[in-house]
Amino acid sequence: MEPSPSAPLPFAVADFQKALLTWYREHQRPLPWRSQPSLYKTVVSEFMLQQTQVKTMLPYYARWLEAFPDFHQLASASEAKVLKHWEGLGYYSRARNLHALARRWVALPEPPTDAAGWMDLPGVGPYTAAAVVSMAFGRPVACVDGNVVRILSRLTANATLFRDSASAAKALSTEADALLSRASPGDHNQAMMELGATVCHRQSPLCLTCPVRPFCQAARRGDPESFPRLAPKKMEKRSVVRAWCLESGRLLLHRAPAKAKRLANQHELPTFEHLGLAPPVAAATVEPLAVRKRGITRYAITESIHRLAPPRRLDLAALDLVWVDVDQLDTITLSGPHKRWIAEVLELLKAE
DNA sequence: AAACCGGGGGG
DNA sequence: CCCCCAGGTTT
């Protein structure tokens with residue numbers, strides 16, 4: 001999409017910046033990467049925040065910094081250990097990318113200090129590059145995440161119907177740049193996102209306490225929730241039948257190959273396809289051990305878990321299957337939902 | 001229970 | 001440019 005010619009913002013940019021920064025310096029949340037900041041802390045926190053809210057990633061962040069205090073310790077850790085520390089956070093490619101980034105970083109004669117240089121590193125796109133170079137190197141590059149999209153579209157009461165938040169981010173990047181404080185780009189970027197996270201909520205925004213309300217067209221009109229306008233998304237329903245094979249205290253699990261597109265090196269309960277079996281006709285009529293639902297991106301997935309006698313003559317290696325002692329589940333990496341579900345089913349069986 | 005959020009990568 | 005990734009929170 002063509003970057004729209006920067007429509008002049010309907011207020012004095014310097015006044016906006018001052019109001020925003022004054023508010024941020026007083027009201028920012030005390031987050032662990034903000035006290036004694038470092039490049040490494042900034043990178044780790046931004047990776048964890050890529051698809052996850054602050055509250056969720058906070059405990060992971062603390063454990064991560066204890067296990068991997070800097071780029072060198074992270075680079076020399078095994079991938080298994082890295083994934084283990086990410087377990088439960090989801091979207092595991094972020095962990096592999098961060099690990100790969102650390103290994104590239106320690107080998108670099110001179111680590112990059114500009115956005116283009118960071119975008120060459122694994123797992124770093126426009127958003128993360130802007131965040132890192134503005135916060136760590138004071139570079140004037142505006143971050144545009146979902147929070148910023150919300151704030152910008154409300155400030156100007158922008159009624160454009162965007163395809164999705166990614167295209168909105170692209171379209172609004174010109175304005176984000178026009179608004180950016182050249183003197184404090186790192187604080188400015190953090191202040192915008194902090195404002196979006198704590199005041200300019202998607203629903204019921206706290207306009208009465210907003211430091212930039214005098215600049216906001218949507219607040220003036222009284223309908224901030226009308227912005228941004230995003231095209232509705234379609235959810236697709238899917239269902240999966242999983243096998244629960246428990247024998248002699250060992251559970252049969254599927255481990256996605258290292259090159260798998262999804263859940264590489266992660267364990268989950270095997271589907272019947274994983275076992276080389278057609279989903280049983282019985283699955284439709286026999287009561288499953290458990291039924292769980294999960295929503296991922298645009299999919300609404302229903303997973304039913306059926307007890308299955310261990311099939312004979314399984315070629316474990318060829319099918320990426322492993323037997324894991326139920327007392328040893330902590331030593332492997334399970335996907336977050338399956339980790340919970342397995343614990344729940346074990347509890348269920350104990351009660352029988 | 002359904003709807004929503006949301007960066008990066010790869011084709 | 002479009003689709004996928006395989007998770008949590010909110011309502």
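Convention: sequence-line order gives letters A, B, ...; per-chain numbering from 1.
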Do the side-chain N or O atoms of A/Arg340 get closer than 4.0 angstrom to the phosphate oxygens (OP1, OP2) of C/dG8? yes

A/Asn147 side chain: which of C/dT9, B/dC5, B/dG6 is closest? B/dG6

If you check every side-chain atom of A/Asp145, which of B/dG6, B/dC4, B/dG7 has the closest atom? B/dG7

Separation of atom OH in A/Tyr91 from atom P in B/dC5, rounded to whole Å: 14 Å

Working note: A/Ser335 + A/Glu268, criterion side chain to side chain donor-acceptor pair (under 3.5 Å); need CA distance, chi angles, decisive distance, verdict. CA-CA 6 Å; A/Ser335 80; A/Glu268 292 201 325; 2.7 Å; yes

Rounding to an integer number of Å, can you tell me how far A/Phe162 CZ sits from C/dC1 C1'? 17 Å

Selected nucleotide, minimal atom distance to A/Arg163 side chain, candidates C/dC3, C/dT11, B/dG8: C/dC3

Kindly point out which of C/dT11, B/dG8, C/dG7 is positioned nearest to the side chain of A/Pro337? C/dG7

For A/Leu49, report the nucleic acid contact type (base, sugar-phosphate, nothing); a contact means any heavy atom under 4.0 Å. nothing

So if I apply the side-chain hydrogen bond (donor to acceptor under 3.5 Å, both in side chains) rule between A/Gln50 and each of A/Thr128, A/Asn97, A/Asp145, which one comes out positive? A/Thr128

Of the nucleotides B/dG7, C/dG7, B/dA2, which has the atom closest to the A/Ile296 side chain? C/dG7

Donor-acceptor contacts under 3.5 Å from residues 308-328 of chain A side chains, at least two apart:
| from | atom 1 | to | atom 2 | distance (Å) |
| --- | --- | --- | --- | --- |
| A/Asp315 | OD1 | A/Ala318 | N | 3.3 |
| A/Asp325 | OD1 | A/Asp327 | N | 2.8 |

Give a yes or no answer on whether the side chain of A/Asp177 reaches the backbone of A/Ala142 with a donor-acceptor pair at less than 3.5 Å. no

Closest listed nucleotide, where the reference is the side chain of A/Leu263 and the choices are B/dG8, C/dG7, C/dG8: C/dG7

Pick the nucleotide of DNA chain B nearest each of A/Gly295 and A/Gln51; which residue has the one closer to the 5' end? A/Gly295

Heavy-atom side-chain proximity of A/Met192 to A/Leu179 below 4.5 angstrom: yes

B/dG9 P sits how many Å from A/Arg94 CZ, rounded? 13 Å

What nucleotide among B/dG6, B/dG8, C/dG7 has an atom nearest to a side-chain atom of A/Glu268? C/dG7

Starting at the 5' end of DNA chain B, write a dot or bracket for each base, bracketing those in Watson-Crick or G-U wobble pairs whose two distances are under 3.5 Å and using | for partners on another strand. |||||.|||||

Using a cut-off of 4.0 Å on non-hydrogen atoms, how would the nucleic acid contact of A/Gln266 be classed: base, sugar-phosphate, or nothing? nothing

Separation of B/dG7 atom P from A/Phe47 atom CZ, nearest Å, is 14 Å

Just do the side chain to side chain contact (heavy atoms under 4.5 Å, CB included) check on A/His338 and A/Gln266 with the steps written out, would you? CA-CA 10 Å; A/His338 280 234; A/Gln266 300 284 302; over 6 Å; no

If the test is ring pair (Phe, Tyr, Trp, His ring centres under 6.0 Å), which one of A/Trp64, A/Phe68, A/Tyr60 qualifies with A/Trp86? A/Trp64

To the nearest Å, give me how far apart CD (A/Glu225) and P (C/dT11) are. 10 Å

Out of C/dC1, C/dT9, B/dA2, minimum distance to the side chain of A/Lys170 belongs to C/dC1

Counting only heavy atoms not in A/Glu236, do more than 12 fall under 6.0 Å of its CD? yes

Take the protein atom CD of A/Glu87 and the nucleotide atom P of C/dG8, then report the distance between them rounded to whole Å. 11 Å

Can you tell whether the side chains of A/Arg34 and A/Glu194 come within less than 4.0 Å, N to carboxylate O? yes

Without decimals, in angstroms, what is the distance between A/Lys55 NZ and C/dG7 P? 19 Å

Judged by each residue's nearest nucleotide on DNA chain C, which is more toward the 5′ side, A/Gln203 or A/Gly90? A/Gly90

Distance check: side-chain N/O of A/Thr56 vs OP1/OP2 of C/dT9, anything under 4.0 Å? yes

note: A/Glu236, atom CD; C/dC5, atom C1'; distance rounded to Å ~ 14 Å

Please determine, for the side chain of A/Tyr299, which listed nucleotide (C/dG7, B/dG9, C/dC5) has the closest atom? C/dC5

Selection from B/dC4, B/dA2, B/dG6 that lies nearest to any side-chain heavy atom of A/Lys237: B/dA2

Check every strand shown and say whether A/Thr128 touches a base, only sugar-phosphate, or nothing at a heavy-atom separation below 4.0 Å. sugar-phosphate

